[in-house]
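Report on the following structure.
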Amino acid sequence: MSIKAPRGTKDILPPESAKWSYMEKKAREICRRYNYLEIKTPIFEHTELFARGIGEGTDIVQKEMYSFTDRGGRSITLRPEGTAPVVRSFLEQKLYGQALPKKFFYFGPMFRYERPQAGRYRQFHQFGVEVIGSDEPAVDVETIILGIDFIEELGLKDFFVEINSIGCPKCRPRYLDKLKNYLEGQEDFCSNCQNRIDTNPLRVLDCKNPDCQELLKQAPKINDFLCAECASNFSQVKEGLDYLGLSYREDPTLVRGLDYYTNTVFEVKSNDLGAQDAIFSGGRYNGLLKEIGDRDIPATGFALGLERLELLLKEEAANFGSDLEVYITTIGEEAEAFSISLLRQIRAAGISADRDYGGRSIGSQMKDADRKNANYCLIIGSDELKSQAATVRNMQTGDEEEVALKEITNYLTKSL
RNA sequence: GUGGAUGUAGCUCAGUUGGUAAGAGCGCAGGAUUGUGGAUCCUGAGGCCGAGGGUUCGAAUCCCUUCAUCCACCCCA
């Protein structure tokens with residue numbers, strides 16, 4: 001094999017693909033219950049959308065984007081995340097003229113140029129929700145609990161929620177000043193952190209270096225600097241989560257890698273993943289619509305990594321495949337020819353049915369039926385053609401019964 | 001982008017100091033059972049030993065390069 005899938009991409013084959021269908025089906029069902037409607041946006045956008053939306057200084061924009069120049073000389077980027085495109089669409093289609101907020105969900109592939117690792121791919125898939133046009137803490141709470149419902153109904157138990165508020169453009173600068181002052185007074189931060197003190201001091205907070213973490217214990221906490229509005233907003237979010245009985249950890253060092261966040265940010269992590277342990281995360285991005293479209297409209301949402309979720313669903317793979325209901329084995333050419341119309345008739349009745357195409361021995365056909373986990377085998381040979389009946393074999397019990405051909409779909413429908 | 005580990009049959013893996021070493025199990029195909037699956041037994045197909053180059057009389061084995069995978073860092077979904 002000379003041509004392989006590009007680095008960081010992968011094929012999703014049966015039976016694994018059944019798990020993906022199941023995850024998507026479940027997500028759609030939850031969204032229906034919460035009255036979130038699907039939005040589909042292009043897989044590529046103008047590079048500028050992400051540069052401005054996500055932030056020029058972020059890792060995503062600086063080193064992770066799949067960007068190229070198209071034949072018309074435009075700079076195009078394969079979307080690295082879903083929020084900026086949804087916001088672009090909202091603004092372009094002038095949805096702000098409708099009753100707000102608008103509640104959307106989306107599915108689809110995202111692209112980031114990174115070294116692949118457990119739970120991290122260059123093409124990966126996200127399920128996300130966005131609520132545009134409300135500043136109510138109740139909306140933040142709703143998106144979080146929607147995501148929690150989703151993963152809980154898929155059977156996940158071993159996860160935890162971390163939340164924080166990173167304030168707004170009114171109160172954050174005051175905090176950043178204080179933080180910067182403190183950080184500059186320390187000598188012993190790692191080189192990475194040293195660089196960030198100037199470029200993005202907030203990001204110093206989530207450095208994983210234990211020495212840095214130690215130094216950060218004394219650092220000023222943003223919670224002490226939130227303006228009255230942000231503080232009230234944050235406590236209402238926490239109150240909402242309390243009402244719902246959702247336990248969470250407040251983590252004052254939780255900040256996000258994307259520039260557009262304001263107020264509430266959160267991450268939901270698993271204990272069963274490797275270093276890439278975030279299942280879904282998000283928060284409020286009240287500044288993004290202004291940044292992209294000069295309209296001051298608040299919004300909030302999250303994105304969930306489907307590959308990571310799928311890793312956590314690995315063990316129950318067997319539950320997601322569906323068995324074949326009927327397998328037709330034939331003996332002789334006449335029976336084989338006849339089975340074509342019988343198959344269609346059975347399939348038309350809504351029953352899944354298949355056959356062997358190799359003209360093989362009855363034994364081989366039965367073996368194939370067994371491998372496909374068929375519930376019933378129909379045996380059609382010259383005897384059956386003569387009597388216009390089929391031998392129906394229950395593959396679990398081995399019991400066999402003669403059933404008239406014109407009764408066959410009724411019989412199968414009742415038995416299955 | 002940085003560091004470490006690993007690439008041998010469809011899958012999981014053996015392969016000794018470089019020298020009859022291209023192997024096993026599972027899976028697949030056929031048969032024992034030509035009209036009956038699962039168990040057992042028999043037979044068979046399937047490999048450029050990741051790729052390229054080098055050292056050597058001789059390379060799956062040693063060296064270099066490259067590609068890929070896994071893990072960690074960075075960062076995130």
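Note on naming: letters A, B, ... go to the chains in the order of the sequence lines (proteins, then strands), and numbering restarts at 1 for each one.
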Any-strand Watson-Crick or G-U partner of B:rG1, both distances under 3.5 Å: B:rC73
Is A:R360 close enough to B:rG30 that one of its side-chain N or O atoms is under 4.0 Å from OP1 or OP2 there? yes
Please report, rounded to the nearest Å, how far the C1' atom of B:rC70 is from the CG atom of A:L311. 13 Å
Pair of N/O donor and acceptor under 3.5 Å linking B:rG37 base with A:R393 side chain: yes
Member of A:I132, A:I292, A:I39 meeting the side-chain contact (heavy atoms from CB on, under 4.5 Å) criterion with A:F90: A:I132
Using OP1 and OP2 only, check whether a side-chain N or O of A:R112 sits under 4.0 Å from B:rA77. yes
A:A278 vs A:Q117, nearer the 5' end of RNA chain B by closest nucleotide: A:Q117
Distance-only donor-acceptor test, A:E384 side-chain atoms vs B:rG35 base atoms, 3.5 Å: yes
P spacing across the pair B:rC13 / B:rG19, given as an integer number of angstrom: 24 Å
Applying the Watson-Crick and G-U wobble criteria at under 3.5 Å, what pairs with B:rC57? Answer none if nothing qualifies. B:rG19
Which residue, A:A5 or A:K63, contacts RNA chain B at a nucleotide closer to its 5' end, judged by nearest heavy atom? A:A5
Can you tell me, in whole Å, how much space there is between the C1' of B:rA45 and that of B:rU55? 37 Å
Answer yes or no: does a side-chain N or O of A:R371 lie under 4.0 Å from OP1 or OP2 of B:rC28? yes
Compare side-chain N and O positions of A:S281 against OP1 and OP2 of B:rA77 and report whether any pair is under 4.0 Å apart. yes
Quick one: look up who B:rC41 pairs with, Watson-Crick or G-U, both distances under 3.5 Å, and put none if it's unpaired. B:rG31
Is the centre of the A:F44 ring less than 6.0 Å from the centre of the A:F111 ring? no
Establish, yes or no, whether a centroid distance under 6.0 Å links the rings of A:Y36 and A:F105. no
Side-chain donor or acceptor of A:R112 paired with backbone N/O of A:P80 under 3.5 Å: yes
Stacked pair A:F124-B:rA77, distance under 5.5 Å, angle under 30°: yes
Any donor-acceptor N/O pair under 3.5 Å between B:rU36 base and A:E400 side chain: yes
Using atom C1' in both nucleotides, what's the gap between B:rA22 and B:rU33 to the nearest angstrom? 35 Å
Is a donor-acceptor contact shorter than 3.5 angstrom present between the side chain of A:R7 and the base of B:rU69? no
In Watson-Crick or G-U wobble terms, both distances under 3.5 Å, what is the partner of B:rA24? B:rU12
Roughly how far apart, to the nearest Å, are B:rA60 and B:rU2 at atom C1'? 31 Å
Any cation-pi pair here, A:K238 with A:F234, using under 6.0 Å and within 45°? yes
Pairing check on B:rA68: which nucleotide meets the Watson-Crick or G-U wobble criteria with it, both distances under 3.5 Å? B:rU6
